[in-house]
Structure formats: C-alpha cells, structure tokens
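Only one structure is covered here, and it is reproduced in the block below.
We name chains A, B, ... by the order of the sequence lines, and we start the count at 1 in each one.
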There are 2 protein chains.
Amino acid sequence: MTSAAPRRGRRPGAPDTRAAILASARELFAASGYAGTSMRAVAAAAGVDAALVHHYFGAKDDLFLAALQVRVDPRVAMLPVIEGGVDGAGERLMRVFLSVWDDEDSRLPLLALFRGIVEPNGQQLVRDGFVRMVLGPVGAALDLDQAERRMTLVASQLVGIVVLRYLVLVEPLVSMPADELVATYAPTLQRYLAGPLP
Amino acid sequence: MTSAAPRRGRRPGAPDTRAAILASARELFAASGYAGTSMRAVAAAAGVDAALVHHYFGAKDDLFLAALQVRVDPRVAMLPVIEGGVDGAGERLMRVFLSVWDDEDSRLPLLALFRGIVEPNGQQLVRDGFVRMVLGPVGAALDLDQAERRMTLVASQLVGIVVLRYLVLVEPLVSMPADELVATYAPTLQRYLAGPLP
DNA sequence: TGCACAATTCATCACATGATGAAAAACGCG
DNA sequence: CGCGTTTTTCATCATGTGATGAATTGTGCA
C-alpha cells in the first residue's frame, strides 16, 4: 500500500489558503495577543505548514499588521456622531461604538489591536494613536472646550466596556442588548462630553 | 593578577536577596505580564543568577503567585465605602480605589494581577473573582437592587481608568490629582450604584 | 578551629519559537 | 506533451525559555 504520510507539494483545488491563514491569525491574535500567538499555532489552525505563513506574509510583525487591517475608517464611522452637534452626541457615539464592536468582522482586528496596545511594547500605539486618531477629531469637530480631556474621559468608559464585554466576557455585560447599553452609558458619555468639569 | 570574573558562592554581607528578587518580579510582571516576563529577566534585574530565582521561589507560577500577594484585604478596604450607606457611596468608592492604586506597594501587584487577567488563560480569575470578591460584597452590603448588574457597571468605569491611567499611561489622566478624579468620576459611579436603570 | 548548612553560580537539558532555503507537487500555458 | 510558475512541505539553524543538579563559597555554631 502507498504511504499514508501527507503528500507534499501543492494542494489540489483552489483553496484560498492566504485568506484562511489571515482568518486564523485574526482569531488567534484577538484571543491571545501578539506574543501569545505563535506562527506555528496560526499555521496549525489554518491546517497548513508553518513555512507557508512566512511565504505569504513574511515576518510575524507583517502578519500581525495584516491581521490588524480593518475596513472601518474612523473618520467615516464617526461622521454621524459629529453631524448632530453636541446634543445627543453621547448616545450617537455609544451607538457607533457598539455597532463596530458587535460586528465580528471588525471586532477581531480591533481586539487584536487592543491586545497589542495592552501588551508591552505597543503602548505608544494607543497613547498617541487611538485617542488622537479616532476620538480626537470628534472632540475637535464638536467644538468642545478642553476636548482632549473630555475625550480621555470618554475613552476611559469605553475602554472599560471593551475589556469587560469583549475581552474578559463578564456577565451580565455580554448579554445586555445594545439598546440597554445605550440607555445605560449614553448619559455618562454625554456628561463627559458636555457636562461641567471640576 | 587575580581573576576579574565574578566569584561564585555565597555573597558577603547579609543582602536580602529574596526580597530583591520579589521586588524585581513585581515590577516586571506589572510591566510586561506573565508571559512577557522571563525568569532570566527577573534574575538579571535583581543582579542574580537565574537558578537562584528557582531556588527561592520554585517554578514560574509560584513566583507569579508570590508577586501577586498584596497586603490589602478588600473586605477591610471597602469598609468605609459600605458604612456610610448609599448616599455618597460613589465618592467614597472612588477615594478608596485611588488610594489603593496610587500606592506603589499595592499598585504593582494589582497591575500584575490585572495583566494576568487580561492575558489569555487567566480570564476566569476576574470573571468570577474580582467582581465577586471585591465589588460583590459592596453591592450586597449597600443593599442595592440588581447588585450584580450595578457593580458590573461600576467595574466597567474603574477598569477603564486602570487601563488608561495605570497601564497605558494616557495623559491627561496620569497627571490628574486625586481630588479632580473623584470630582469627575464620583457622579458616574453614584449613578451606576443608585441611579435609575433602563 | 572545624564542620554543617545556606546562598550562590555554572553547566546543561529538553523544548518551543521565528526564520530560511531547498525540494517536491500541482497547475496552466504553449 | 513539456516547461515554467506558484503553492506547499521538509529539513534545519540559531536563539531564548523553564528547569534541574552539581559544584563552589561564605556564615555561624559547636
């Protein structure tokens, strides 16, 4: 009988192996972070030899960057928040936030990004990146006083929700429907955006 | 001339090497998490051979557990929060929270713990531990309706502050004095504790 | 002084990881 | 069919890791 060992060389059919690898990478980076995800684990999850991952994506950093690519442009997503003016901005911001994070296509890259931020050696990415890139423009467009400070307060609430609801999966936060979350958190965000500051 | 190589064997004097190792471990675990901290790095930071770390603390898990030990008993620390009743509980909770996290002796173990939670393979620790162990009793003692839900909301705000102020070090949150933080966040906490829920 | 014991270091193992280069297999085009 | 190209795997290297056991040196007690 012929050998039962896995045959080498090109696999038949036309499987989009590159996409499969990228999907596995997204899942693993989102679940275990950069350091906690090995190239071999990604390859195994995609049912593929480890060298193939390098072949398609190069070094581990490149794969991580590729896994981070998300089709959401913050400036576009934030438009509805900005357009309505300050009134009700907290509620609209909460709605956009939830719609992005509850969509699995964007959640995985965002989780991977967040893990990259919380892990060592990635901190400057959010410190100067996240707040300034996505929340900063909102604050400026809404023409707030002390925009940076107010946006940091907003971030402090949203980041907490990310950790509990999407990262650590704490009940009852995971099961709360979007409307309830909006009703709960919109007043907080609104106060940070436009309320009095000490 | 005699050899300049470091002499082996016991070092003179009576340096508390064990404490030095533990201190280095606390710092590194707090800064880089469990997986991101190697036994060799701890040893190097303490100016000691790697085997000595094993000699004193055994396996890496044991060292991590030792680094997590903190002298703050949640039930004791939370007493002043509970005693005053619901009125002003948000402000008192915020004060206790800041006093614990602004104290370096407790911050390092807490940061290490938090990193252990956010890292993979440690999630059940906070999922059933933190909320139930430190915030749960507060909710019960304050005799709130829907205590679990309210305490999770409180946690979602506090966790966000931990990430931004103590982990990622985002300005202007790092530089804000405690009084200003209390004035800013106490109303939010108070609303989560005793305000209307949707 | 001598001796047991603790503190410290060295040498090493087994293993996982990131990475590279070459070989093999399937496909497509002429 | 034959040949080049792409896809896939194998074999391998250098490195860092956690861990262990033996060897060495200092301290304190009898």
Quick check on dT8(D): is either OP1 or OP2 less than 4.0 Å from any side-chain nitrogen or oxygen of Thr17(A)?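 For Thr17(A), the contact criterion (side-chain N or O under 4.0 Å from OP1 or OP2 of dT8(D)) is met.
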Should Tyr56(B) be listed as having a side-chain N or O under 4.0 Å from OP1 or OP2 of dT8(C)?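 Answer yes for this pair, as a side-chain N or O of Tyr56(B) is under 4.0 Å from OP1 or OP2.
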Measure [atom1]/[X] against [atom2]/[N] and give the value in whole Å, please.
X	N	atom1	atom2	result
His55(B)	dA6(C)	NE2	P	8 Å
Ile21(B)	dG18(D)	CD1	P	14 Å
Asp49(B)	dG21(D)	CG	P	16 Å
Leu52(A)	dA19(C)	CG	P	15 Å
Asp62(B)	dA19(D)	CG	P	8 Å
Phe57(B)	dA19(D)	CZ	P	14 Å

Check whether any side-chain N or O of Arg92(B) sits under 3.5 Å from a backbone N or O of Ile82(B) as a donor-acceptor pair, and report yes or no.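 Judged by distance alone, no pair lies under 3.5 Å.
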What residue pairs, at least two apart or across chains, pass side-chain hydrogen bond (donor to acceptor under 3.5 Å, both in side chains) with a residue in residues 174-187 of chain A?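 Checked against side-chain hydrogen bond (donor to acceptor under 3.5 Å, both in side chains) - neighbours excluded - the pairs reaching residues 174-187 of chain A are Arg95(A)-Asp179(A), Glu171(A)-Ser175(A), Glu180(A)-Arg149(B), Tyr185(A)-Ser156(B).
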Under the side-chain hydrogen bond (donor to acceptor under 3.5 Å, both in side chains) definition, can you give me all pairs with a residue in residues 50-60 of chain B, not counting sequence neighbours?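 For residues 50-60 of chain B: none.
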Residue list, ring pair (Phe, Tyr, Trp, His ring centres under 6.0 Å) with Phe64(A), at least two apart or on another chain: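 Expected list: Phe29(A), Tyr34(A).
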How would you list, by chain and number, every residue that makes a ring pair (Phe, Tyr, Trp, His ring centres under 6.0 Å) with Phe114(A), sequence neighbours excluded?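 For Phe114(A), no residue satisfies ring pair (Phe, Tyr, Trp, His ring centres under 6.0 Å) once neighbours in sequence are set aside.
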Run the salt bridge (Lys or Arg N to Asp or Glu O under 4.0 Å) test against Asp145(A) and tell me which residues pass, sequence neighbours left out.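 Arg150(A).
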For Asp102(B), what residues pass the salt bridge (Lys or Arg N to Asp or Glu O under 4.0 Å) criterion, not counting sequence neighbours?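 Partners of Asp102(B) under the salt bridge (Lys or Arg N to Asp or Glu O under 4.0 Å) test: Arg165(B).
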Check whether any side-chain heavy atom of Leu167(B) lies under 4.5 Å from a side-chain heavy atom of Arg115(B), and answer yes or no.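 Touching, per the 4.5 Å side-chain cut-off.
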Roughly what angle, to 10°, lies between the helix axis at the start of the helix from dT1(C)-dA30(D) to dG30(C)-dC1(D) and the one at its end, five pairs per end?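 The angle separating the two end axes equals 10°.
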Tabulate protein N/O versus nucleotide N/O from nucleotides 16-18 of chain C, keeping only pairs under 3.5 Å, one per line.
| unit_1 | atom_1 | unit_2 | atom_2 | d |
| --- | --- | --- | --- | --- |
| dG18(C) | OP1 | Lys60(A) | NZ | 3.0 |
| dG18(C) | OP2 | Met39(A) | N | 2.8 |
| dG18(C) | N7 | Arg40(A) | NH1 | 2.5 |
| dG18(C) | O6 | Arg40(A) | NH2 | 3.3 |

Using side chain to side chain contact (heavy atoms under 4.5 Å, CB included) as the criterion, list what pairs up with Arg191(B), not counting sequence neighbours.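 Testing Arg191(B) for side chain to side chain contact (heavy atoms under 4.5 Å, CB included), a comparison that skips the adjacent residues, returns Pro187(A), Thr188(A).
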